[in-house]
Protein chains: 2
Amino acid sequence: MLRPVNHLKTGLDMAKAQMDRFTDAQQDLARLAKALSHPARIVILEVLAARKVCLCGEVVDELPLSQATVSQHLKVLKEAGLVSGEIEGARSCYCVDWKSLSQAQDLISTWFKRADDIKRSCC
Amino acid sequence: MLRPVNHLKTGLDMAKAQMDRFTDAQQDLARLAKALSHPARIVILEVLAARKVCLCGEVVDELPLSQATVSQHLKVLKEAGLVSGEIEGARSCYCVDWKSLSQAQDLISTWFKRADDIKRSCC
DNA sequence: ATCGTTTATCGTCTATATACGATAAACCAG
DNA sequence: CTGGTTTATCGTATATAGACGATAAACGAT
């Protein structure tokens, strides 16, 4: 595959250019993985799931992190679509986006399954 | 959960201290996700799987990245255990560690399954 | 209206990730 | 032994991630 001469661009241009070379599926999977790539976010999802009902900043009490940091992690999860949040007055109410989570599960398991099929077809 | 006063420590001490607060399972999953959190590494795994046999730097030809960068991504995958590599003279031969990949699959699907069970038990 | 509570965001700092070119080491071929 | 090939690593630059305290905005309660 042709490789661009990247040192003529800024880092940002570069990163954007690189991304074009990957398929949507590859980028989606990587994005999802990135959202799950910090233990705090794993815990947050677990906490949100366990509480069943949405909950606000009780998440902070479950984590050894400052309120600001937890809020940032929640934002990441929200941007990844794994969590949805509503503002209720002064409070914020988060909950697991089950539909999105199940799509995520599909995405991952499909990818692994395909790899597995390849393995089985040759080894 | 008690939160440490972290601004009295260096960033490194801090990060290490935080990690102690997470379970092994949570950290394992996050580590795995991190290894998969870049599209280049997804592609590399796909390429290695598709070639069936191990292969060396042909991976570079499949990616829009420099040899140095690809080598770094391979190192990340190797450190995560998803890929194994052998040096054969001047060449390096990589291949998917199928056992590790299948464990990874288990780890992930177990986690999602548990979340799903929680959902089903209440909603 | 004022006070306490809650939470998102700002500013900042440090660490890590990502990319590259250059280079050195290890080999193979001649 | 010399020259080409391959690849890991070094050095470097930039971008992103992750943490915090401080603060402002939005409420509810008094």
Side-chain angles (χ1 to χ4, degrees), chain A residues 3-19 21-22 30-31 33-44 54-61 63-80 83 85-94, chain B residues 3-19 21-22 30-31 33-44 54-61 63-80 83 85-94:
Chain A
R3 215 169 339 111
V5 183
N6 285 320
H7 55 291
L8 299 178
K9 305 182 183 179
T10 73
L12 189 59
D13 287 344
M14 187 183 65
K16 292 254 169 79
Q18 309 283 16
M19 287 309 183
R21 309 302 190 97
F22 301 113
R31 253 193 298 271
K34 196 165 209 167
L36 300 176
S37 71
H38 195 289
R41 289 195 286 273
I42 302 291
V43 176
I44 290 175
C54 312
L55 95 157
C56 25
E58 297 155 316
V59 186
V60 176
D61 296 334
L63 284 168
L65 295 169
S66 76
Q67 180 267 324
T69 303
V70 171
S71 193
Q72 263 186 329
H73 282 303
L74 279 165
K75 192 181 180 186
V76 173
L77 288 171
K78 207 170 155 185
E79 280 169 357
V83 151
E86 280 183 22
I87 299 173
E88 281 190 5
R91 293 145 188 269
S92 278
C93 202
Y94 288 98
Chain B
R3 215 169 338 111
V5 183
N6 285 321
H7 55 290
L8 300 178
K9 305 184 184 180
T10 72
L12 188 60
D13 288 344
M14 188 183 65
K16 293 254 170 79
Q18 310 282 17
M19 288 309 182
R21 308 301 188 99
F22 302 114
R31 253 193 298 270
K34 196 165 210 170
L36 300 176
S37 71
H38 194 289
R41 290 195 286 273
I42 301 291
V43 176
I44 290 176
C54 312
L55 95 157
C56 26
E58 295 154 318
V59 186
V60 176
D61 296 333
L63 284 169
L65 295 170
S66 75
Q67 180 267 322
T69 303
V70 172
S71 193
Q72 263 186 327
H73 282 303
L74 279 165
K75 193 180 177 184
V76 172
L77 288 170
K78 207 169 153 187
E79 282 169 355
V83 152
E86 279 183 22
I87 298 172
E88 280 191 5
R91 294 146 186 267
S92 277
C93 203
Y94 289 98

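Bear in mind the structure is a predicted one, so any value in this text is a computation, not a measurement. Excluded from the calculations below are hydrogen atoms, water molecules and symmetry mates; all remaining heavy atoms, backbone and side chain alike, are included. To find a chain, count down the sequence lines: A is the first, B the second, and so on, and within it residues start at 1.
The two residues B:L63 and B:V70 come nearest to each other via the heavy atoms CD1-CG2, 3.9 Å.
Look at A:S92 and you'll find a side-chain N or O under 4.0 angstrom from OP1 or OP2 of C:dA8. For C:dA17, the OP1/OP2 oxygens have no side-chain nitrogen or oxygen of A:K34 closer than 4.0 Å. Contact annotation: A:Y94 side-chain N/O to C:dA8 OP1/OP2 distance is under 4.0 Å. Side-chain N/O atoms of A:R41 include one lying less than 4.0 angstrom from OP1 or OP2 on D:dG18.
One can place NZ of A:K78 at 12 Å from P of C:dT7, the figure rounded to the nearest angstrom. Between B:E79 atom CD and C:dT18 atom C1' the separation is 15 Å, expressed in whole Å. D:dT7 atom C1' lies 16 Å from atom CG of B:L65, rounded to whole Å. B:R21 has its CZ atom 17 Å from the C1' atom of D:dG18, to the nearest Å. If you take CZ of B:R91 and P of D:dA8, they are 12 Å apart, rounded to a whole angstrom. Computed from coordinates, the B:E88 CD to D:dA8 C1' distance equals 16 Å when rounded to whole Å. B:E86 places its CD atom 16 Å from the C1' atom of C:dA26, with the value rounded to the nearest Å.
Here the CD-CD distance, from A:Q72 to A:Q67, works out to 10.0 Å after rounding to the nearest 0.5 Å. For the atom pair CZ (A:R31) and OG (A:S37), the distance works out to 13.5 Å, reported to the nearest 0.5 Å. Atom NZ of B:K34 is separated from atom CG of B:L36 by 12.5 Å, given to the nearest 0.5 angstrom.
The environment of CD in A:E86 is sparse: at most 12 heavy-atom neighbours from other residues, nucleotides or ligands sit within 6.0 Å.
Nearer the 5' end of DNA chain D, as judged by each residue's closest nucleotide, is the contact made by B:I87, out of A:H38 and B:I87.
At a non-hydrogen distance threshold of 4.0 Å, B:A68, B:T69, B:Q72, B:H73 from residues 67-77 of chain B come into contact with DNA chain C.
Taking the six-membered ring where tryptophan is involved, the planes of A:H38 and A:H73 are tilted, since the angle between them lies from 30° to 60°.
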Please lay out, stage by stage, how A:L74 and A:Y94 fare under the test side chain to side chain contact (heavy atoms under 4.5 Å, CB included).
CA-CA 8 Å; A:L74 279 165; A:Y94 288 98; 3.6 Å; yes
